[in-house]
Each structure stands twice: as structure tokens, then as C-alpha cells.
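Here the structure is laid out as C-alpha cells; the discussion comes afterwards.
Chain letters run A, B, ... following the sequence lines, proteins first, then strands; residues in each count from 1. Source: prediction; values computed, not measured.
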Amino acid sequence: MSFLAGLNDAQTRAVDHHTGPLLVVAGAGSGKTKALTHRIAHLIGKYGTDPHQILAVTFTNKAAREMKDRLELLLVQLLAQKQLGQSWNTLNPSHQGQLRNRIYQEITKDLWIGTFHSLFARLLRYDIDKFKDEEGLKWTRQFSIYDETDSKNLVKEIVTQELQLDPKRFEPKKLRWAISNAKNQGLLPPDVEQASEGNQNKLLAEVYQRYRKALAANNALDFDDLLLLPVQLLKQNQDVRSYWHNRFKHLLVDEFQDTNRTQYELIKLLVTNGDEPRKYSNWEDRSVFVVGDADQSIYSFRAADFTILMGFQDDFGENLQKKASNTMVKLEENYRSTSTILEAANSLIENNTERIDKILRATRGSGELIKLTRCDDEIAEAEEIVHRIRILKSTSLEINWGDIAVLYRTNAQSRAIEESLVRWSIPYIVVGGLRFYDRREIKDILAYLRLLINPADSVSLLRVINVPKRGIGKTTIQRLTDAASQLAIPLWDVISDSDAVRSLGGRSAKGILQFYELIESLRNKVETSNPSELTQLVIEKSGYLSELITEGTDEADERRRNLQELINAALQYEEESEASDLESFLASAALASDADNKQTNSDKVTLMTFHSSKGLEFPVVFLAGMEQGLFPSYRSLSNPASLEEERRLCYVGLTRAKERLFLTHASERRMWGGIREPAIPSLFLSEIPTELLQGDIPHTGGISIRRNNNLERLTRIDREEQEELNNPTLRGASNAIRRRHNNRPGISKSWSVGDQVMHVNFGKGEITHTFGSGNKMTIAVKFNGMGPKILDPRLAPIKPIENENQ
DNA sequence: TATACGGGCATTTTT
DNA sequence: TGCCCGTATA
């Protein structure tokens with residue numbers, strides 16, 4: 001038995017690649033996970049690589065878990081064959097369990113498989129105390145990991161308290177985003193300041209600097225630091241760098257197209273020990289194996305950069321004796337989808353200019369046509385989807401609820417669909433949205449736990465000091481924090497000074513002393529108890545549980561159930577992982593995503609965003625909300641690069657489907673505040689060849705952003721009408737006739753980009769984009785003091801304002 | 001110190 | 001529309 005059996009030529013070349021760099025360009029559904037798992041098994045089984053020397057990076061925790069599972073299965077099959085001369089399936093279950101446990105103990109336990117964030121958090125737990133920032137900032141192994149909310153609050157505090165600025169003018173959220181962006185590109189505060197002369201950057205650098213200091217004071221890191229600090233550490237400390245370089249001989253990176261600069265820096269540091277990659281030549285016992293598909297790069301908003309993938313061969317190629325073609329393998333055979341679905345995806349993605357040429361070749365039959373439906377509004381759309389689901393379920397016995405996925409651009413779209421599913425009693429789960437670990441009660445308990453191991457963590461301390469209520473109010477807290485900042489010591493040190501606390505007097509002093517004793521007594525148990533026991537202790541001793549019991553409402557009961565679930569999560573963590581200390585459990589909680597919790601075997605319809613669907617596949621897929629301004633999103637319309645990213649996102653959506661694909665769009669959608677926005681079909685729909693579609697083919701033939709040119713518009717309409725008349729079965733000629741009437745000069749005014757308009761409610765505004773043409777035309781208008789609005793010029797209460805200059 | 005109320009604002013996408 | 005945050009009031 002060999003791990004190369006059952007692979008195609010390209011897959012074999014990838015898996016059998018031993019040392020040196022290799023880029024695997026792997027199209028959707030081309031078996032890249034197979035290539036990755038087989039490669040690891042092959043390295044261990046054939047080349048005798050020590051599992052301890054392998055580092056594999058996946059995009060989600062769930063993918064990591066699955067990879068480990070599949071790998072175990074492969075290895076256990078080999079073991080059964082070698083040792084017992086028997087195939088795995090024929091062994092009895094207890095025997096199977098035994099072998100599996102052996103594989104776990106001897107091999108998979110030692111593998112480092114995980115996301116960039118979890119792997120490098122792990123690395124930091126070993127070596128962070130060897131790091132000292134240029135500013136002298138330091139952290140310890142007990143560091144806390146702050147989530148997005150914690151980070152944002154910290155930035156807010158800096159803006160309002162330290163710098164005394166108006167948070168409306170200097171939005172913490174935007175500043176936090178800018179800092180994150182800088183970190184993901186490997187920039188430090190001085191780099192940001194130098195980036196340009198403007199005051200904007202000066203302020204950003206100032207906030208960034210203070211933020212970093214504040215994190216260090218709390219002995220805390222944000223998500224981005226989990227990547228940036230290791231880069232700094234590996235650059236700074238040669239011993240540390242050499243250690244990890246020698247330790248990890250074989251690196252594998254999945255979803256390489258969504259790697260950012262900082263992550264790439266980490267890979268390079270580990271692989272070449274700090275040498276220039278092009279000049280690096282000690283490849284005899286090591287490899288770097290990256291797998292990705294530039295067409296599926298969908299995370300540039302968090303600084304992912306697919307040009308890293310496109311430049312990989314160039315970066316690593318020069319000094320190799322082998323030809324550059326030996327540093328790339330393309331997997332283009334698709335085993336997932338019908339040829340109809342693939343053709344649609346291929347046609348769509350060809351509209352992008354920045355790509356590595358690659359086409360997915362079908363290995364399956366053509367299957368059914370893609371069904372396209374226009375609906376009146378988002379409620380009708382939801383009903384349509386659920387209606388289709390019910391028909392499918394009742395006519396095809398082989399389809400289970402779990403085979404069906406509904407994908408959409410924004411989380412908010414799930415609501416209407418959920419309501420319809422509930423109405424028809426169809427089981428479903430929503431992936432994404434509110435994470436389990438983001439629930440209030442969970443965050444509270446986790447904050448207690450963080451405080452136990454990291455006393456410097458004032459953010460966590462402040463979160464729980466009066467939860468449940470201990471009579472410690474705002475004024476008292478202000479006094480304590482003032483004292484801490486004046487003395488430049490952690491808040492905890494102020495609280496532990498009982499004399500100082502007593503001087504505060506009365507009620508609040510009592511509360512603080514009580515809190516102090518609670519934390520101290522729990523802290524004494526950290527060494528001797530495991531995470532689940534500690535979680536339970538915190539829930540009980542803090543008074544959190546009794547408060548919920550007293551409350552007795554449905555909501556309180558729900559919270560109690562969630563807390564129970566948290567204890568279960570800790571138990572599960574202890575079972576599954578090698579290191580079961582509290583620090584690691586908290587790290588895994590901080591880095592878990594909602595998608596990680598999704599159970600693959602539950603028989604429920606899955607609802608999620610296009611982004612969350614990456615890497616998954618379903619026999620039946622619905623893509624909802626295929627409308628201009630929603631998907632592609634409004635913000636991408638003015639920027640060609642973002643539009644291409646939206647198109648890639650659409651490509652990802654289409655290629656999730658194995659058998660059947662349904663696309664829906666609404667003619668009107670209630671966005672927020674109950675305002676109904678007219679909606680026109682997505683540009684992407686027009687990029688799918690009509691012969692692959694069935695149903696309400698859009699009239700617009702090709703909506704694109706352009707300056708509104710009358711001549712072009714007219715010729716366009718003529719062509720559309722012609723098509724329409726040639727194809728009466730699909731949508732009847734009456735539309736065309738009606739349109740001709742509506743399109744009389746005088747009724748349909750011409751609107752162009754740059755025109756000034758007056759709106760009854762919003763006031764004066766300027767047209768920034770026009771979409772579509774004729775009576776299907778929509779315009780985007782930017783009004784003073786508010787975001788852009790998409791309006792139907794025939795319905796909206798607007799008047800043109802004559803331009804004085806003309 | 002805790003709560004109730006109302007104004008203002010929000011929707012991309014996530015480790 | 002519903003959620004979050006700040007302010008008024010017991």
C-alpha cells in the first residue's frame with residue numbers, strides 16, 4: 001500500500017515532492033486537502049520524516065481537526081496492512097481503537113497543525129519572554145489574547161481618556177482597523193508615521209503606539225500581534241530563530257492565496273532562517289509546500305495578498321537547479337461539481353484580469369441547469385428558497401437537510417431566510433454571526449479565568465469586578481483606575497493593597513476586598529485543577545450562577561445552559577489536546593470561530609456567508625441576494641480591484657455546489673430602517689452563459705459601472721430588446737413593449753455621474769455612480785453627512801440641480 | 001449606585 | 001427596524 005495510490009498525475013507529483021519549495025495551484029474541488037494529507041503521510045511513511053518536524057498551516061481550526069482525522073485514518077490503514085496484513089475495515093472496533101490510539105500517541109500528537117494564529121500563539125507560549133520590543137515593552141507567557149471588542153474598547157479609551165479627543169471625529173473602530181492593517185503588513189508605529197507626512201498618519205502612529213503600550217501593560221496581545229510579535233522575535237533573536245528553523249523541516253500552507261505579508265514573513269523566517277529566499281540553498285532536508293488558488297482569494301480586507309502566491313516561484317526559484325516549472329504543480333481536474341456548474345464558474349472568473357491562467361476541467365456529467373429566480377423582495381426570496389428546498393426534499397429521497405446550503409453576502413440576510421425556515425419547520429443552523437465565545441456570560445467567565453493567570457489584565461478585571469453586582473460603582477472604579485495610572489502600576493496591585501482600599505471607605509471597600517479574596521482563593525487552585533474544574537469553580541464561587549438562578553427568567557436559564565456548555569467545551573478540550581493547561585484552553589477559546597463548532601454530521605440546512613463557505617461543499621447550493629450593490633457589494637462598485645475580489649467570492653460560492661445550484665435575486669430589498677431599496681440583478685449573473693441558466697434570465701445583459709452615455713445606453717437597449725424578442729419563451733415580449741413606453745424621452749430623464757440633485761428628505765447630493773440603463777437604471781447618490789444611497793430616479797423624490805458653471 | 005428611557009445610528013466579509 | 005450608548009432620575 002502506498003500513499004500515492006488513487007492519485008492523478010498532478011496530485012502524485014505534489015505528494016511525492018520531497019525537498020525544496022513547491023507551489024501547488026489547486027482549483028476548487030481538485031483534491032487539495034487530499035494532496036495535503038497524503039503528502040504528510042507520505043513524508044512520514046516513505047521519507048521517514050519525524051512528525052515533530054512538520055508544521056502545517058490551515059485556514060480554520062475545523063480544517064485542522066479534519067486534516068488530523070484524515071491523516072490518522074491514512075496512517076492507521078497503513079499500520080493495519082503492515083503489521084497485521086489485514087485491511088483496516090476488517091478489524092474489530094476495539095482493535096481499531098487500539099491502532100488509532102497508537103497512531104495518535106506516536107505520530108499525530110507531535111504534529112503542529114493549526115491556523116497561523118493558533119500555531120504562533122503556541123510558539124509564543126514557549127518564547128515570548130525572550131522578546132523585548134525596541135520601546136522596551138515586554139510580555140510573559142501568561143499573556144491574554146484580546147478579541148476585536150476588547151481591542152476596540154482599548155483604542156476607544158486611548159482616544160477619549162488619554163488623548164481627550166472626540167470619538168465621533170476620530171472613530172475608534174476605524175483607528176483599530178487601521179492599526180490592524182498596519183500590523184498585518186508588518187508595520188510598527190514609526191513605520192506608520194513615516195508612511196506619509198499628513199497629520200492623519202501622525203495621529204494614527206500616536207494611537208498605535210499608545211495602544212501597543214496599553215496591551216503590554218495588560219500583558220495582552222490582539223489577534224494581529226500573534227503574528228507580528230513572532231516576526232519581531234524571530235528577527236531579533238538568532239537562537240530562537242535557529243531553534244524553530246531546525247525544528248520545522250517541512251512546512252505546508254493551505255489556502256496560501258489568503259496569506260498576508262506578516263504571515264509570509266513568518267514562513268520565510270522559518271524556512272530560510274532569515275536568509276534571502278532567493279539565495280537560500282540548503283534544501284537537502286527541508287521543504288516548503290504551499291497550496292492555493294488565486295481565484296479564491298477573498299480576504300484582502302484583512303490584508304491578505306494573493307500576489308504573494310503569484311510571486312512565490314520568483315521568490316524561491318532562482319537558486320534552484322531544477323527548472324522553475326518544477327516548483328509549480330497545477331491541479332485542474334475537478335471532482336466535485338457537474339460540468340454545468342464548472343462552466344458557469346469558469347466563464348465568470350474569466351472576467352478577472354489578475355490571475356494565474358487556470359481552468360477547471362470537469363470529470364463529471366453536465367447535470368442540471370442552474371436555476372435563476374427573480375423575486376419581489378427579500379421575503380419572497382426567502383419563501384422561494386424554502387419552497388424549492390421542500391420540493392427537493394420531497395421529490396429526491398437521497399437528499400438530506402444537511403446536503404443543502406444557503407449562501408449570502410452579509411450576515412443580516414439570514415434573518416428573512418430563517419423566518420421562512422421556521423415557518424415550515426425545517427431544521428437549520430446559521431454559521432457565523434454571534435460566536436459562542438462572544439456571548440456575554442461566556443466572556444464574563446473567560447475574563448475571570450484570564451484574570452486568574454494574568455493579574456496584569458486590567459481589561460478583564462474591569463469587566464468582572466462588579467459582575468455579579470458587588471456594589472462597586474462607576475465612581476469607585478474611576479478612583480481605582482486613577483490611582484493605578486498615577487502610580488503606573490496594574491489595577492490589580494491597587495486592589496491588593498488592602499489599606500489603600502479601606503481608605504476608600506464604606507460599601508465599595510467591602511465589595512473590593514471581597515472580590516480580591518475571591519480571585520486570590522481561585523488563583524490558588526490554578527496549579528492543581530484543570531480548565532473544566534476551574535471554569536466550574538469560577539461560575540459557582542463568583543456568585544454568577546446564584547444570580548442567574550435568582551433571576552429565573554428564560555433568558556437567565558439560557559445563560560445557565562451556555563455556561564454548562566462552556567464547562568463541556570473545557571472538558572472536550574482536555575480530552576482532545578495534549579496540553580490541557582488553562583492558558584492553552586483560553587487561547588483556543590479566543591481563537592475559535594463559530595464555523596469551528598459546526599458539526600459536519602448534523603442533518604440541518606446550513607446558512608452562512610460566502611466567506612464562511614470557503615473549503616466546504618454541498619450537493620445543493622442556493623446563492624441568495626444576487627443583486628447589484630449587495631453582491632457585488634456597494635463599496636466594491638467604484639474600485640476595480642475590489643470588484644474582482646467580489647467576483648472571486650462569487651466564484652467560491654458557485655464552486656461549492658456539487659449537483660444543483662440555485663441563484664435568486666429580489667427586485668426590491670428592505671435594507672435597514674424599513675427603507676425599501678430597488679435592486680437590479682447582479683453583474684455576475686450576466687457573466688454566466690445564458691445557455692447554462694434556466695428561469696428568469698436578467699434583461700440587463702451586462703450591468704457595469706460607466707459614465708452614463710446616452711448613445712451607448714440606446715444601443716444597449718436596442719440590443720437587449722432584440723434578444724428579448726428572439727427569445728420569447730423565456731420572458732415574454734410584453735416587458736420589452738412596456739419598457740419602450742416607459743422609456744419615452746421626458747419621462748426617463750438622463751442622469752450622469754457628477755450631477756447634483758436635491759432630495760426631499762436628504763437634501764443636496766451628488767451622483768457617484770449609475771447602474772443599468774433605461775427604466776432599469778439606478779443611481780447612487782452621496783448626500784451630505786450620510787452614506788451613499790442607491791435610488792431609483794423614477795421613484796425617489798429628487799430633482800436635478802442645474803450646474804452654475806454651465 | 002442602579003435602572004429606565006430615548007436618541008442616534010447601522011450592514012460587508014473574519015482569524 | 002433593533003441595538004448600543006449616554007443621560008436623567010429614584
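A cation-pi arrangement, defined by a distance under 6.0 Å to the six-membered ring centre and an angle within 45 degrees of its axis, is absent between Arg435(A) and Tyr437(A).
Closest heavy-atom contact between Arg470(A) and Val464(A): NH1-O, 3.1 Å.
dT1(B) atom P lies 14 Å from atom NZ of Lys510(A), rounded to whole Å. Atom CZ in Arg670(A) sits about 11 Å away from atom P in dG2(C), given to the nearest Å. dT1(C) atom C1' lies 12 Å from atom CD of Glu419(A), rounded to whole Å. A straight line from CZ of Arg470(A) to P of dA2(B) spans 12 Å, rounded to a whole angstrom. dT1(B) atom C1' lies 10 Å from atom NZ of Lys469(A), rounded to whole Å. The distance from atom CG of Asn153(A) to atom C1' of dC5(C) is 12 Å, rounded to the nearest whole Å.
Side-chain N or O atoms of Asn184(A) include none that pairs as donor or acceptor with a backbone N or O of Asn181(A) at under 3.5 Å. Glu645(A) places a side-chain N or O within 3.5 Å of a backbone atom of Ser300(A) that can act as its donor or acceptor partner. Counting only distance, with no hydrogens or angles, the side chain of Glu627(A) and the backbone of Ala666(A) share a donor-acceptor pair below 3.5 Å. Formation of a donor-acceptor pair under 3.5 Å by the Thr262(A) side chain with backbone atoms of Gly186(A) is found in this model.
Taking side-chain N and O atoms only, Ser633(A) has no distance below 4.0 Å to OP1 or OP2 of dT11(B). The shortest distance between the side-chain N/O atoms of Lys156(A) and the OP1/OP2 oxygens of dG6(C) is below 4.0 Å.
Note on Asn260(A): nothing from the nucleic acid sits closer than 4.0 angstrom, heavy atoms only. Among the atoms of the strands shown, none is found under 4.0 Å from any heavy atom of Lys614(A).
At a threshold of 4.0 Å, the pair Asp150(A)-Lys443(A) counts as salt-bridged, since one of the basic side-chain nitrogens sits closer than that to a carboxylate oxygen.
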Using a cutoff of under 3.5 Å, can you pull out all pairs of nitrogen or oxygen atoms linking the protein to nucleotides 13-15 of chain B, with atom names and distances?
unit_1, atom_1, unit_2, atom_2, d
dT13(B), OP1, Asn411(A), N, 2.8
dT13(B), OP1, Asn411(A), ND2, 3.1
dT13(B), O4', Arg409(A), NH1, 3.2
dT13(B), O2, Arg409(A), NH2, 3.0
dT13(B), O2, His611(A), NE2, 3.4
dT14(B), OP1, Thr609(A), OG1, 3.0
dT14(B), OP1, Ser612(A), OG, 3.1
dT14(B), OP2, Asn411(A), ND2, 3.4
dT15(B), OP1, Ser593(A), OG, 3.1
dT15(B), O4', Arg302(A), NH1, 3.4
dT15(B), O4', Arg302(A), NH2, 3.4
dT15(B), O2, His117(A), NE2, 3.0

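When each of Lys173(A) and Thr475(A) is assigned the nucleotide of DNA chain B bearing its nearest heavy atom, the one mapping closer to the 5' terminus is Thr475(A). In this structure, Arg415(A) and Lys474(A) both approach DNA chain C, and ranking their closest nucleotides by distance from the 5' end singles out Arg415(A).
Comparing the C1' positions of dG6(C) and dT11(B) gives an interatomic distance of 23 Å, to the nearest angstrom.
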